[in-house]
Amino acid sequence: MQKRRMLPKYLLERHQLTGTVTFAVLFSIIYLNLYVPFSDTAWFRLGNSVLFLFTAGFIAISILFLAASRVVMYKTRKMFGMTVLQYVLWCVAEVVVICLFYTFVTADIVRPEGVSATVAFFKALISASVALLVPYMMSAMYFIISEKEKTIRMMSVSAGVRNDMPMSFYDNGGSLKLAVKSSDLYYIESDDNYVKVWYGDAGGRLRMYQLRSSMKNIEEAFKDTKLVRCNRKYVVNMQKVKSLRKDPEGYFLCLDCSEIPPVPVTRTYSGKVLSCFSGAGGGA
């Protein structure tokens with residue numbers, strides 16, 4: 001039996017889903033404004049008229065429906081692994097529901113002459129498929145390409161760490177902000193929506209650079225290297241650790257810079273840190 005193709009998890013993250021709905025709504029509005037003048041079943045109108053109220057109401061309800069649909073998708077993403085086929089069917093179902101709603105408004109409220117419910121539904125289905133499925137596909141392609149570029153950047157960073165080449169730090173927008181040798185890096189500190197990179201300059205002085213990123217991104221970028229998470233706030237370069245100290249409060253890492261106070265190791269991350277000293281892991 002052929003293995004089901006699972007949908008990449010990043011396509012179900014909050015900002016991806018929000019971006020997809022926003023782009024689809026804007027694309028649909030532009031498309032419908034171009035399509036309506038050439039349609040014999042569309043009743044959308046702008047300006048001072050009753051049809052404008054129907055138009056505004058229909059658009060508002062459709063947007064709320066799409067938003068609610070994506071909220072459900074986001075909330076249930078951890079309950080089951082969504083396949084590519086299931087995602088496609090979900091998107092198609094959104095189109096069908098909106099078309100049925102449009103058909104109901106057309107046949108029972110607007111009631112244009114010479115337009116049957118069946119004709120209205122099938123023409124709406126064609127238009128909605130272009131207005132929604134096209135931006136859905138474009139959004140998915142954009143996020144897939146962005147994720148691949150992010151993966152390539154992370155691979156380059158990891159290679160730099162292993163070879164002591166200048167490694168690059170990018171912000172959330174993908175802009176390069178800092179490049180520093182792994183042998184000069186001491187630790188990385190979380191600060192709300194930012195991270196602080198602490199490193200030594202050419203003169204041996206301790207420096208700090210702050211950029212907008214997250215510890216999750218840092219961990220992914222430096223996976224399988226000497227950069228190890230030791231508590232919720234710090235990722236430490238184990239090459240810069242001079243000693244490991246055990247106190248009644250727990251373990252502490254002492255770095256080879258007198259300006260840096262001992263870094264506490266919490267129980268959650270102690271196994272990974274201790275394995276670095278036992279030779280059981282810790283990266284290249």
Side-chain angles (χ1 to χ4, degrees), residues 7-112 115-144 146-147 172 193:
L7 187 75
K9 292 183 179 180
Y10 57 81
L11 288 180
L12 298 177
E13 293 298 326
R14 180 180 301 173
H15 68 280
Q16 273 92 344
L17 294 176
T18 302
T20 297
V21 172
T22 302
F23 177 62
V25 169
L26 294 175
F27 185 93
S28 299
I29 292 175
I30 295 173
Y31 170 78
L32 290 175
N33 275 281
L34 297 174
Y35 166 77
V36 167
F38 303 97
S39 172
D40 57 354
T41 59
W43 42 262
F44 294 109
R45 295 291 184 274
L46 299 177
N48 237 346
S49 67
V50 175
L51 288 180
F52 170 72
L53 296 178
F54 289 145
T55 300
F58 175 82
I59 292 175
I61 293 174
S62 298
I63 292 174
L64 289 175
F65 166 72
L66 289 177
S69 174
R70 296 296 159 145
V71 168
V72 173
M73 185 183 290
Y74 175 75
K75 294 293 185 181
T76 58
R77 72 193 190 285
K78 293 183 179 179
M79 298 180 185
F80 61 91
M82 179 174 283
T83 65
V84 173
L85 178 60
Q86 288 170 337
Y87 180 76
V88 171
L89 292 177
W90 189 302
C91 294
V92 171
E94 289 178 344
V95 172
V96 172
V97 170
I98 289 178
C99 289
L100 289 173
F101 176 49
Y102 176 84
T103 303
F104 167 76
V105 175
T106 302
D108 292 352
I109 300 178
V110 179
R111 298 179 181 177
V115 179
S116 66
T118 302
V119 172
F121 173 77
F122 281 107
K123 289 199 172 183
L125 191 62
I126 295 173
S127 298
S129 297
V130 176
L132 290 178
L133 296 184
V134 169
Y136 281 174
M137 288 188 293
M138 293 173 65
S139 294
M141 290 174 61
Y142 170 78
F143 290 125
I144 290 172
S146 298
E147 192 67 21
N172 288 337
N193 295 323

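What you are looking at is a predicted structure, and each value in this text was computed from that prediction instead of being measured. Start at 1 with the first residue, then count along the sequence.
Annotation: the span from Arg77 atom CZ to Lys9 atom NZ amounts to 10.0 Å, rounded to 0.5 Å. Distance OG/Ser116 to CZ/Phe121: 12.0 Å, rounded to 0.5 Å. Remark: Trp90 CH2 to Tyr136 OH distance equals 11.0 Å, nearest 0.5 Å. If you take CG on Leu11 and CE on Met73, they are separated by 10.0 Å, rounding to the nearest 0.5 Å. Considering CD1 of Ile29 and CD1 of Ile59, their distance stands at 5.5 Å, rounded to 0.5 Å. The CG atom of Leu100 sits 9.0 Å away from the CG atom of Leu125 when rounded to the nearest 0.5 Å.
Within the structure, the salt bridge (Lys or Arg N to Asp or Glu O under 4.0 Å) test picks out the following pairs touching residues 88-103 (sequence neighbours left out): Arg70-Glu94.
In this structure, Ala120 and Thr106 approach most closely via the heavy-atom pair CB-CG2, 4.0 Å. Minimum interatomic distance between Lys123 and Tyr35 (heavy atoms only, all atoms of both residues): O-OH, 4.3 Å. Contact detail for Ala117 and Ala107: the closest heavy-atom pair is CB-CB, 4.1 Å. Between Ala128 and Val95 the shortest heavy-atom distance is CB-CG1, 3.7 Å.
Put simply, the side chain of Leu132 does not reach to within 4.5 Å of the side chain of Cys91, judged on heavy atoms.
With Thr76 contributing its side chain and Met79 its backbone, the two residues share no donor-acceptor pair below 3.5 Å.
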For residues 16-23, run the donor-acceptor check on the side chains, cut-off 3.5 Å, and write out each pair with its distance to 0.1 Å, sequence neighbours left out.
unit_1, atom_1, unit_2, atom_2, d
Gln16, NE2, Tyr10, O, 3.1
Thr18, OG1, Arg14, O, 2.9
Thr20, OG1, Gln16, O, 2.9
Thr22, OG1, Thr18, O, 2.8

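Across Phe65, Tyr102, Phe104, a single residue satisfies ring pair (Phe, Tyr, Trp, His ring centres under 6.0 Å) together with Phe58, and that is Tyr102.
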